Amino acid sequence: MQRRILLLCLLVLGLTAGACVPGTQQTNNGPRKKKGPTEQIKIGFSMDTLKEERWQRDKDLVEKRAKEIGAEVNVQVANGSDSEQIKQAENMLTQGVDVLIVAPHNGEIAASIVEAAHKQGVPVISYDRLIKNSDVDLYISHQVVKMGEMQAKYLLDHVGKKPANFVIVGGSPTDNNALLLHQGQMNVLKPAVDRGDVKIVADQYAKEWQASEALNIVENALTRTNNQVDAVVASNDGTARGAVQALEGQHLAGKVLVSGQDADLASLKLIVEGKQTMTIYKPIQPLAYGAVDAAVKLARGESLSTTETIDNGFKKVPAILLEPGAVDRNNLTSTLVKDGYHTLAEICAGLPPEKCPKE
Ligand code: BGC
């Protein structure tokens with residue numbers, strides 16, 4: 001019976017069997033394009049957004065690396081629209097890019113970009129965020145579950161109260177990173193809840209990673225608990241700043257611990273002021289350079305050396321997962337300032353000099 005259905009699928013739809021099996025992607029790949037060793041590679045970089053400060057850095061560094069190694073790069077930004085991102089990727093394929101690097105807005109929907117690219121023999125790299133249920137060629141990112149663990153552990157280690165009331169502010173539920181971060185946060189918090197050390201008083205995702213969503217989530221939690229909140233596990237710096245704004249409304253900024261991620265300049269200033277507690281520093285250069293270098297290799301049909309994989313629901317995707325670091329006011333000089341990610345002068349501009357950490 002199953003064979004009959006499969007055959008029917010093949011005949012009637014004219015598609016590969018994959019299209020008939022729920023939860024798998026159709027893999028009717030065209031022959032792989034392969035550029036010669038001296039031919040110039042055209043890279044398409046499809047970005048969801050430039051909203052958070054880090055993405056501008058990703059764009060600049062991808063362009064810089066491409067220039068350094070003589071590749072051409074076309075960057076398109078979809079500004080949070082799935083249909084726009086698909087259209088832009090299709091246009092780049094029509095224009096004949098040899099390889100696509102995609103930072104997806106929605107990890108599920110972007111699978112159709114992989115499908116369209118593969119039909120034309122064009123490999124696809126999933127950048128920073130995982131493209132789910134697709135035959136994507138490489139995933140390059142940081143260790144996202146570990147980042148969630150670092151955020152929760154830092155707050156748990158510093159909260160100094162038992163039981164402590166925690167609020168969790170997740171990122172966009174359509175971004176796989178938000179789900180992985182939550183997984184990491186719960187890896188640490190669940191045992192603490194079971195021990196009776198922590199009570200989770202709110203646990204919600206902030207749509208589109210919006211600060212205004214985070215503000216609402218934290219305001220509601222403060223109202224419901226009569227301001228009895230001890231720590232906010234905010235998943236990135238944008239949502240952390242929304243959380244800080246809600247706390248400021250109740251004169252609690254600096255008294256409640258708040259995590260973050262990205263080492264945005266605005267959040268580093270809050271960390272120096274004592275209103276945000278920590279952030280996760282993810283060096284962007286190895287990510288951007290790694291993606292461009294891998295893109296060129298894939299376009300030339302060379303193999304990649306990866307040691308890790310991540311399951312995207314369709315297959316175990318070869319992965320490069322970079323190391324993140326926890327940053328607070330005590331180590332920001334020896335970490336991201338030392339790396340030249342931001343200067344101390346930038347961070348401290350406009351703040352009382354006595355608050356500024358030493359070189
Ligand atoms: C990225 C974060 C970023 C967030 C919002 C996540 O997928 O990993 O660095 O803050 O998206 O753009």
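Every value quoted in this text rests on a predicted model; they were computed, and no experiment measured them. Start at 1 and go down the list; that is how both ligands and their atoms are numbered.
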Does an N or O anywhere in N236 fall below 3.5 Å from an N or O of ligand 1? yes

For [X], the ligand 1 atoms whose distance to one of its heavy atoms is below 4.0 Å:
X	result
R54	1 (C), 2 (C), 8 (O), 9 (O)
W55	1 (C), 11 (O), 12 (O)
Q261	2 (C), 8 (O), 9 (O)
K282	1 (C), 2 (C), 8 (O), 9 (O)

Can you tell me which residue and heavy atom of the protein come closest to [atom], and the distance to 0.1 Å?
atom	answer
atom 8 (O) of ligand 1	D128 OD2, 2.7 Å
atom 6 (C) of ligand 1	D175 OD2, 3.3 Å
atom 9 (O) of ligand 1	D262 OD1, 2.7 Å
atom 11 (O) of ligand 1	R129 NH2, 2.9 Å
atom 4 (C) of ligand 1	W209 CE2, 3.5 Å

Does a salt bridge link [X] with [Y], judged by any charged N lying under 4.0 Å from a carboxylate O?
X	Y	value
D58	K282	no
R54	D128	yes
K146	E323	yes
R241	D264	yes

Do V256 and L155 belong to the same hydrophobic cluster, where Ile, Leu, Val, Met, Phe, Trp and Tyr are linked whenever their side-chain heavy atoms lie under 4.5 Å apart, directly or via other members? no

Centroid-centroid under 6.0 Å between F45 and Y127 rings: yes

Does NZ or CZ of R57 come closer than 6.0 Å to the centre of the six-membered ring of Y341, within 45° of the ring's axis? yes

Record the part of D237 in heavy-atom contact with ligand 1 below 4.0 Å; permitted values are side chain, backbone, both and neither. neither

Should the proximity of K51 to ligand 1, defined as any heavy atom under 4.0 Å, be assigned to the side chain, the backbone, both, or neither? neither

Considering all heavy atoms of both residues, which atom of D230 and which atom of P163 are nearest to each other, and what is their separation? OD2-O, 4.3 Å

